[in-house]
Protein chains: 2
Amino acid sequence: MTRRVNELILRRLPRYMFLPRHFKTEGMDNVSAMYLSVDTGIHPSQIRKDLGLVGFQGMPKSGHHVNEAINNIEELLNWRDNRVAFLAGVGSLGRALLNYNNFSNTGLQIVAAFDINEDLHGTEINEIKIFPLSRFADLAKRMHINVGIITTPRDQAQSVADLMIENGVSGIWNFSRIKLRAPENVIIENIDLYEDLGFSLAD
Amino acid sequence: MTRRVNELILRRLPRYMFLPRHFKTEGMDNVSAMYLSVDTGIHPSQIRKDLGLVGFQGMPKSGHHVNEAINNIEELLNWRDNRVAFLAGVGSLGRALLNYNNFSNTGLQIVAAFDINEDLHGTEINEIKIFPLSRFADLAKRMHINVGIITTPRDQAQSVADLMIENGVSGIWNFSRIKLRAPENVIIENIDLYEDLGFSLAD
DNA sequence: TAGATTGTTAATCGATTAACAATC
DNA sequence: TAGATTGTTAATCGATTAACAATC
């Protein structure tokens, strides 16, 4: 174990898997680092090193087995387990995520949403019910929640996070653009869509 | 000009702006690198260096003017101009983006959508009309399109990109997870939501 | 076998952090 | 003035790329 498997590697791994998935449907059995490189733009050395670090060996001359690549990476990323998410904050972004809810090949599904706006309580978006936050604890207990998604405004993000953590969430996707305080054992994934969508087209 | 303003810096810049926006509403006039650091988790040296690189100076002791920070960064990122986007590929992701269409403080708005599915033609999502691709050239000419958003499957992404480029698009947000060929002067921003949303919760 | 592709080590490159004199 | 914060240079750190012997 020369180096910790860090975030940068984890971010590249899905790309090493989606492409083999595609190859699989085309009936290919093996794929080489070079082949992956052409389509992803990632350097072949990088790919070999990444795959090595996650403990997945290829064979000289023939490369990596497509099926193994898919299986190993899915397992490492925990995409094979079904996990259940609650979303808090049904604004325009929350609404978009509820409508999307298409993380299916990652094993994740949003099953309930929460908001302080009373008008929303009892309504549904994409068949996902919206509840008051007072129901959170109760429902979390019943549904064995794994993941919390925070799409509230800044000023409510921390208290919602606390609530989620109290009720057994082990990972949080934080869209709120504020730095959350949380115990060590809770994984906080900060996501800023503007980094992806807003920054470009300068110059 | 010691170093090119690269992607990493551009990705951090929005964070230097959203926070001052927040401070502004709270009536603060100045903000220091240290202050920004606490909330963003970015190292103060990094912040000073980034702001310096984009040509925006602060003042010893008092820091940076909030208003100037916002203005300078918005200008640099081209968020002050109104720009118009066409979206191609109304699948679940395309649909989610159409419903969201809330990039308003970046100056970008999706104004038309395209799909090969005839059932969708003439329908609307979030008041955005869906057209056949054959109407693309015609509409692009009329509406002075700036940005193309590709949410098609892999195998259609390149031909859609070609169509967009032919019709004057200067930047493309590519969600298709394939590497697009394009002339130098067209900016391709590759976005893989799975990098953000799918990778986490390993370990 | 010959050649392609691997895993791995060493070299390079670039980004982040530390340190500090300058200054409002 | 004294102290906080700047811009910038130097030091560190880590990621990416190059190179190559090993091998199917």
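Just so it is clear: chains get the letters A, B, ... in the order the sequence lines come, proteins before strands, and each one is counted from 1.
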Pair up each side-chain donor or acceptor in residues 150-157 of chain B with any protein partner under 3.5 Å, not counting sequence neighbours, and list the distances.
from: Thr151(B); atom 1: OG1; to: Ala88(B); atom 2: O; distance (Å): 3.1
from: Thr151(B); atom 1: OG1; to: Gly89(B); atom 2: O; distance (Å): 2.6
from: Thr152(B); atom 1: OG1; to: Ala157(B); atom 2: N; distance (Å): 3.4
from: Arg154(B); atom 1: NH1; to: Arg177(B); atom 2: O; distance (Å): 3.4
from: Arg154(B); atom 1: NH2; to: Asp39(A); atom 2: OD2; distance (Å): 3.1

Results of salt bridge (Lys or Arg N to Asp or Glu O under 4.0 Å) for Arg15(A) - residues two or more places apart only:
Glu195(B)
Ser170(A) side chain reached by Asn185(A) side chain, heavy atoms, under 4.5 Å
no
Is there a residue in residues 21-43 of chain B whose heavy atoms reach under 4.0 Å of DNA chain C, and which residues are they?
His43(B)
Any chance you could encode DNA chain C as dot-bracket? Rule is Watson-Crick or G-U wobble with both distances under 3.5 Å; [ ] for pairs crossing earlier ones, | for another strand.
..||||||||||||||||||||||
Would you call the rings of Phe23(B) and Tyr35(B) parallel, tilted or perpendicular if under 30° counts as parallel and over 60° as perpendicular?
perpendicular
Residue pairs, two or more places apart or on separate chains, that pass salt bridge (charged side-chain N to carboxylate O under 4.0 Å, His left out) and touch residues 134-150 of chain B
Arg135(B)-Asp138(B), Asp138(B)-Arg142(B)
Does the side chain of Arg48(B) get closer than 4.0 angstrom to OP1 or OP2 of dC20(C) through an N or O atom?
no
With ring-ring contact (aromatic ring centres under 6.0 Å, His included) as the test, pick out the partner of Tyr194(B) among Tyr16(A), Phe103(A), Phe18(A).
Phe18(A)
In short, salt bridge (charged side-chain N to carboxylate O under 4.0 Å, His left out) pairs touching residues 89-99 of chain A with sequence neighbours left out are none
Listed partners of Phe114(A) passing ring-ring contact (aromatic ring centres under 6.0 Å, His included), at least two apart:
Phe86(A), Phe131(A), Phe136(A)
Specify the residues of residues 57-71 of chain B, ordered by number, for which at least one heavy atom lies under 4.0 angstrom from an atom of DNA chain D.
Gln57(B), Gly58(B), Met59(B), Pro60(B), Lys61(B), Gly63(B), His64(B)
Could you pull out the protein-nucleic contacts involving nucleotides 10-13 of chain C (nitrogen or oxygen on both sides, under 3.5 Å)?
none

The complete set of salt bridge (charged side-chain N to carboxylate O under 4.0 Å, His left out) pairs with one or both residues in residues 64-80 of chain A, sequence neighbours excluded, reads Arg21(A)-Glu74(A), Glu74(A)-Arg80(A)
Pairwise side-chain contact, Ile172(A) with Ile187(A), heavy-atom cut-off 4.5 Å (strictly under)
no
Please list all pairs passing the side-chain hydrogen bond (donor to acceptor under 3.5 Å, both in side chains) test where one or both residues lie in residues 58-67 of chain B, with sequence neighbours left out.
Lys24(B)-Asn67(B), Asn30(B)-His65(B)
Sorted by chain and residue number, the side-chain hydrogen bond (donor to acceptor under 3.5 Å, both in side chains) partners of Asn126(A) (sequence neighbours excluded) come out as none
